[in-house]
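Reading through the structure tokens given below for one structure.
Keep in mind that the numbers below use all heavy atoms, side chains included, and drop hydrogens, waters and symmetry copies.
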Amino acid sequence: MTEVLEQAVKAARDGNLEALRAFLSNSPSVLKDTDGDGRGLLDHACRAATGDIAIPLDPGSPEQHAVVEAILAAGADPSAADNDGWTPLHSAGMAGHTDLGARLVKAGARVDAEAYGKAGGSALSYALFYAKAYMAEVLSPVYPDNLRAAAALGADLGRFVDGDSLTPQAYEGLDFYAPVFFPAWERTKDRQEVLDEALSWASRNNQCESMAALVDLGGDVNASAFRGTPLLWACYADKVDAARWLLDHGADPDLRHDWGGEGHGVSAVAMHLAAQNGAVGCLTLLLDRGADPTIIDGAHGGDALGWAEYSGATEAAQILRRRRA
């Protein structure tokens, strides 16, 4: 990274609009400079404005967002990708920043840019993976337009079905399945796997009609297509309607399986994730439906209360203590 870019990036991260404008005026080439990872000034500014792509959402400061506006107004390429194909729009999508995403799209950012060389690795795919279906309002048109995305958005699934088979469009853009820090998945892309994965994406985005349609096609409410059953993903995102629907249709609340990134959830159950994430709606639902709060996970040796206490989910911990008493 050049010294000028380094200083401009610091100004962007600090939300120092006056200093940033001075760099843009005196050294306009800074807009095209990149660091060793291929990241330019706009990329760094968007990362800063999203708390470095924080989950849960970090709103960033008004000053940091003003810096993004200034960089775009100066002519930065909104679709400029780093060495991995990651763009500023990916940061907005994964972090769930509607306003930032809208600004980038208005400036010309490509919604079909694919990160890490994965077909389907668009900003919208990252948003839907993390239960942020609302990002489709600005990340349009939908890309990739496949069964999984349609299920996550509550769109009509009929166009992906041809008799007993799925249409070729249902399978498009499935090379992306999770961020790169998740374990590798040796995909088969057979009909059952595609249905089950779409079911888990529908559940985390609270799309009950999509789930019903997928189950009618053969989707399995207890399948763990990739790192989590539909119920566990619904509880991760505290989607109570989806969790209730799944329980009503045969989901096992005490089913153990691995979840999330490598080593995160080993032999975990839905209640562990509900407790950890303070998903009190789903936590209460699970308890009311007879889920077992004493189950110990396989990685940390903790029950649901332990997960809540470790993550600082105070309300969830209080609920579990009351039920235990």
Side-chain angles (χ1 to χ4, degrees), residues 127-134 146-157 160-161 166 170 177-178 182 185 191-260 264-295 297 303-304 307-308 313 316 319-320 323:
L128 296 178
F129 181 86
Y130 280 108
K132 297 176 172 69
Y134 62 85
N146 55 24
L147 177 70
R148 185 179 68 186
L153 294 171
D156 176 37
L157 305 186
F160 300 103
V161 181
L166 300 179
Y177 50 82
F182 277 69
W185 185 18
R191 182 180 184 277
Q192 189 65 52
E193 181 186 272
V194 170
L195 288 173
D196 293 341
E197 183 191 23
L199 186 58
S200 77
W201 281 46
S203 71
R204 75 192 71 176
N205 288 288
N206 216 31
Q207 303 294 352
C208 295
E209 290 187 11
S210 293
M211 292 193 296
L214 291 164
V215 169
D216 284 345
L217 291 169
D220 181 357
V221 295
N222 285 309
S224 181
F226 177 71
R227 308 298 294 181
T229 63
L231 179 60
L232 195 145
W233 277 107
C235 291
Y236 156 80
D238 204 18
K239 305 300 187 184
V240 177
D241 290 342
R244 182 180 296 112
W245 189 95
L246 289 162
L247 290 168
D248 287 345
H249 290 82
D252 180 356
D254 295 332
L255 182 64
R256 294 172 175 270
H257 55 290
D258 296 346
W259 181 85
H264 178 84
V266 179
S267 294
V269 296
M271 195 179 296
H272 291 141
L273 270 296
Q276 179 192 44
N277 290 294
V280 297
C282 282
L283 178 63
T284 301
L285 174 66
L286 290 168
L287 290 166
D288 289 345
R289 293 297 187 90
D292 184 357
T294 69
I295 292 175
D297 76 276
D303 60 7
W307 280 54
I319 291 171
L320 288 161
R323 293 297 182 106

- request: Evaluate the ring planes of Tyr177 and Phe226, with Trp represented by its six-membered ring, and classify them as parallel (under 30°), tilted (30 to 60°) or perpendicular (over 60°).
  value: perpendicular
- prompt: Is it true that Arg148 and Asp196 have a side-chain N and a carboxylate O under 4.0 angstrom from each other?
  reply: no
- request: Would you check if the side chain of His257 reaches a backbone N or O of Thr229 as a donor-acceptor pair within less than 3.5 Å?
  value: yes
query: Under the side-chain hydrogen bond (donor to acceptor under 3.5 Å, both in side chains) rule, what pairs show up with a residue in residues 199-208, not counting sequence neighbours?
result: Ser200-Arg204
- prompt: Between Leu320 and Ala308, which heavy-atom pair has the shortest distance, and what is it?
  reply: CD1-CB, 4.3 Å
message: For the CD atom on Glu209, are there more than 12 heavy atoms of other groups (residues, nucleotides or ligands in this structure) within a distance under 6.0 Å?
response: no
- prompt: Looking at Ile295, Asp254, Leu287, which one forms a side chain to side chain contact (heavy atoms under 4.5 Å, CB included) with Met271?
  reply: Leu287
Rounded distance (nearest 0.5 Å) linking atom CG of Asp297 with atom CD of Gln276: 10.0 Å
message: Between Leu128 and Lys132, is there a side-chain heavy-atom distance shorter than 4.5 Å?
response: no
query: To the nearest 0.5 Å, what is the distance between CG (Leu214) and CG (Asp220)?
result: 12.0 Å
- prompt: Would a 4.5 Å heavy-atom cut-off, applied to side chains only, mark Val266 and Arg256 as touching?
  reply: no
- request: First locate atom SG of Cys235, then atom NE2 of His272, and finally report the distance between them rounded to the nearest 0.5 Å.
  value: 12.0 Å
task: Taking the side chain as every heavy atom from C-beta outward, state whether Thr284 and Leu286 have any atom pair closer than 4.5 Å.
output: no
query: With side chains defined as the heavy atoms from C-beta onward, is the minimum distance between Leu255 and Leu231 less than 4.5 Å?
result: no
- prompt: If we only count heavy atoms from C-beta on, is the His249 to Val215 side-chain gap below 4.5 Å?
  reply: no
message: Could you walk me through whether Val194 and Leu166 satisfy the side-chain contact (heavy atoms from CB on, under 4.5 Å) test, starting with their C-alpha distance in whole Å, then the side-chain angles of each, then the deciding distance to 0.1 Å, before giving a yes or no?
response: CA-CA 9 Å; Val194 170; Leu166 300 179; 4.0 Å; yes
statement: Here the pair of heavy atoms bringing Ser210 nearest to Ala150 is OG-O, 4.1 Å
query: Would you call the rings of Trp233 and Tyr236 parallel, tilted or perpendicular, where under 30° means parallel and over 60° means perpendicular?
result: perpendicular
field: Leu217 side chain near Leu195 side chain, heavy-atom distance below 4.5 Å
entry: yes
Beyond-backbone contact of Val240 with Cys282, side-chain heavy atoms, under 4.5 angstrom: yes
query: Do any N or O atoms from the side chain of Asp241 and from the backbone of Cys208 form a donor-acceptor pair under 3.5 angstrom?
result: no
field: Pairwise distance CZ(Arg289) to CG(Leu246) - rounded to 0.5 angstrom
entry: 10.5 Å
query: Can you find a pair of side-chain heavy atoms, one from Trp185 and one from Glu197, that are under 4.5 Å apart?
result: yes
query: Which distance, rounded to the nearest 0.5 Å, do you find between the CG of Leu199 and the CG of Leu147?
result: 10.0 Å
- line: So CG of Leu247 and CG of Asp252: to nearest 0.5 Å the spacing works out to 9.0 Å
